[in-house]
Amino acid sequence: MKAPAFAFAGLGSYVPSRVLTNADFEKMLDTSDTWIRERTGIRERHIAGDGDTTSGMGKEASLRALAEAGLPPTELDLIVAATATPDRLLPSTACDIQALIGAKNAVAFDVGAACPGWIYGLVVAESMLAAGQARRALVIGTERLSAITDYTDRSTAVLFGDAAGAVVLAAGDGRRGILSSYLKSDGTLAELLHRPGGGAVHPPSEELLKDHSYYLKMAGREVFKAAVRSMGDAAQRALEKAGLAGDAVDLLVPHQANIRIIEATASHVNIPMDRVFVNVDRYGNTSSASIPLALDEARTSGRLQPGMVVLLVTFGAGFTWGAVVLRW
Ligand code: ACO
């Protein structure tokens, strides 16, 4: 196992206050609390209010992570943001957050990798730190998925929520930090989970709103099967790269999309559910914010303790997937 060169100096998250429960969906759609809970594990999700922009939520999570790291924003030299729901298409969300927090000495850019975006960003930031391109990085996952969710489509509407999470990555003590990572993509399966309209091929028009192609579309059953297969494989490979087996993992913090995917992933690497952190019941799928939000909650609730071996694993549109092993 390699000595971890970079560690988490600070962690923060932000969740909007407005809550949409399964009972609320029963009034809007042909669905039921029982169906949603049994098929997904979700009970409620938080939805952005007017003031909760993607960059604004990212700013709040970032300031909390920076405060814990004891680092003024001007000390950052790298900002990587992940989002599938930018406030605007130009400039990047990372640049917007850079301006909001006053991190004037940083280089800032986005990574596009849907739900795994924060994990991709973490690995990119770690690689740039290792190459000497930066010394202190901020990696953010921030999502306002409610903006691209079709609330007339029961197969997707109930799944998603809004949130942000951020971490400060810096040189550590050589004991705590990232032990291994594994990333993978398969662009041939893109049509199973995508937003057909709103890009340069189908630019914004009244038609996009009428035919709902502006919104996220998902072939749920196919995505489910691919997620189970890919997350299990990524978890296995990242553990092998770290020279560890599932029994060495103190806490699995998976992407929170569906409790059944989480259970299948844990079972694949022989991790019992009492060593898995789950908050999908309260937030639904918050895409790139999901894992940093879960890490922050795991810590606040006392489940995540210094020195623990933690496995992160994720899957999303692209398809993209990956896993990280770290010592907290
Ligand atoms: N309420 C009631 N019934 C519903 C609902 C709902 N909200 N949604 C779908 N159904 C119905 C379907 O119409 C279907 O009915 P039919 O049999 O009469 O046709 C039936 O339930 C079963 O539908 P499936 O899609 O097969 O249900 P499944 O058990 O696969 O669960 C789900 C659907 C929850 C979407 C699941 O497939 C899933 O979690 N997929 C993966 C999602 C995911 O992990 N995404 C990750 C990436 S997201 C990102 O990157 C942004």
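Whatever order the structure lists ligands and atoms in, that order sets their numbers, starting from 1.
Within ligand 1, the atoms closer than 4.0 Å to a non-hydrogen atom of V223 are 41 (C), 43 (C), 45 (N), numbered from 1 in the order shown. Listed by number with element, the atoms of ligand 1 under 4.0 Å from a non-hydrogen atom of N285 are 46 (C), 48 (S). Atoms of ligand 1 found under 4.0 Å from any heavy atom of G316, numbered from 1 in the order shown, are 47 (C), 50 (O). Set against the non-hydrogen atoms of A317, the atoms of ligand 1 under 4.0 Å away are 50 (O). Close contacts of ligand 1 with L193, meaning ligand atoms under 4.0 Å from a residue heavy atom, involve 47 (C), 48 (S), 49 (C), 50 (O). Distances below 4.0 Å separate heavy atoms of N258 from the following atoms of ligand 1: 34 (C), 36 (C), 38 (C), 39 (O). Listed by number with element, the atoms of ligand 1 under 4.0 angstrom from any heavy atom of R39 are 29 (O).
The pair K217-E191 does not count as a salt bridge, with every side-chain nitrogen at least 4.0 angstrom from each carboxylate oxygen. Using a 4.0 Å cut-off between charged nitrogen and carboxylate oxygen, D77 and R135 count as a salt-bridge pair. Using a cut-off of 4.0 Å between Lys/Arg side-chain N and Asp/Glu carboxylate O, R136 and E75 are scored as salt-bridged. The residues R144 and D162 are annotated as not salt-bridged, no charged nitrogen and carboxylate oxygen being separated by less than 4.0 angstrom.
Under the salt bridge (Lys or Arg N to Asp or Glu O under 4.0 Å) criterion, D33 pairs with R37, sequence neighbours left out.
Taking the ring axis of F160 as reference, the NZ or CZ atom of R45 does not stay both within 45° of it and closer than 6.0 Å to the ring centre.
An N or O contact shorter than 3.5 Å links G220 to ligand 1 by distance.
The environment of D50 atom CG is sparse: at most 12 non-hydrogen atoms of other residues, nucleotides or ligands sit within 6.0 angstrom.
For atom 35 (C) of ligand 1, the nearest protein heavy atom (residue, atom name, distance) is L159 CD1, 3.9 Å. In terms of protein heavy-atom proximity, atom 1 (N) of ligand 1 is closest to T31 OG1, 2.6 Å. Of the protein's non-hydrogen atoms, R260 NH2, 3.8 Å is the one closest to atom 28 (P) of ligand 1. The protein atom (non-hydrogen) at minimum distance from atom 24 (P) of ligand 1 is R221 NH2, 3.7 Å. The protein atom (non-hydrogen) at minimum distance from atom 51 (C) of ligand 1 is C115 SG, 3.4 Å. Among protein heavy atoms, the minimum distance from atom 12 (C) of ligand 1 is reached at R154 NH2, 3.9 Å. Protein heavy atom closest to atom 44 (O) of ligand 1, with residue, atom name and distance, is I261 CD1, 3.3 Å. W35 CZ2, 3.4 Å is the protein heavy atom nearest to atom 10 (N) of ligand 1.
Of all the heavy atoms of T40, the ones lying under 4.0 Å from any atom of ligand 1 belong exclusively to the side chain.
The distance from the NE2 atom of H46 to the CE atom of M57 is 12.0 Å, given to the nearest 0.5 Å. Distance CD/Q236 to OG1/T265: 11.5 Å, rounded to 0.5 Å.
For atom 3 (N) of ligand 1, a protein heavy-atom neighbour is found at a distance under 4.0 Å. Under the 4.0 Å distance rule, the nearest protein heavy atom to atom 18 (O) of ligand 1 falls outside the cut-off. At least one protein heavy atom sits closer than 4.0 Å to atom 48 (S) of ligand 1.
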Q | From CA spacing to verdict: side-chain hydrogen bond (donor to acceptor under 3.5 Å, both in side chains), S287, E143 | A | CA-CA 7 Å; S287 192; E143 302 285 3; 3.3 Å; yes
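Between Y151 and F25, the angle of the ring planes stays under 30°, which puts this pair in the parallel group of the 30/60° scheme.
Residue pairs meeting the salt bridge (Lys or Arg N to Asp or Glu O under 4.0 Å) criterion with at least one partner in residues 95-106, sequence neighbours excluded, are R88-D96.
The main-chain N or O of N22 is never found under 3.5 Å from a side-chain atom of R43 such that the two would form a donor-acceptor pair.
Considering only non-hydrogen atoms, atom 45 (N) of ligand 1 lies nearest to M218 out of Q256, K225, M218, E222. In the candidate list F224, F160, F25, F224 is nearest to atom 36 (C) of ligand 1, counting heavy atoms.
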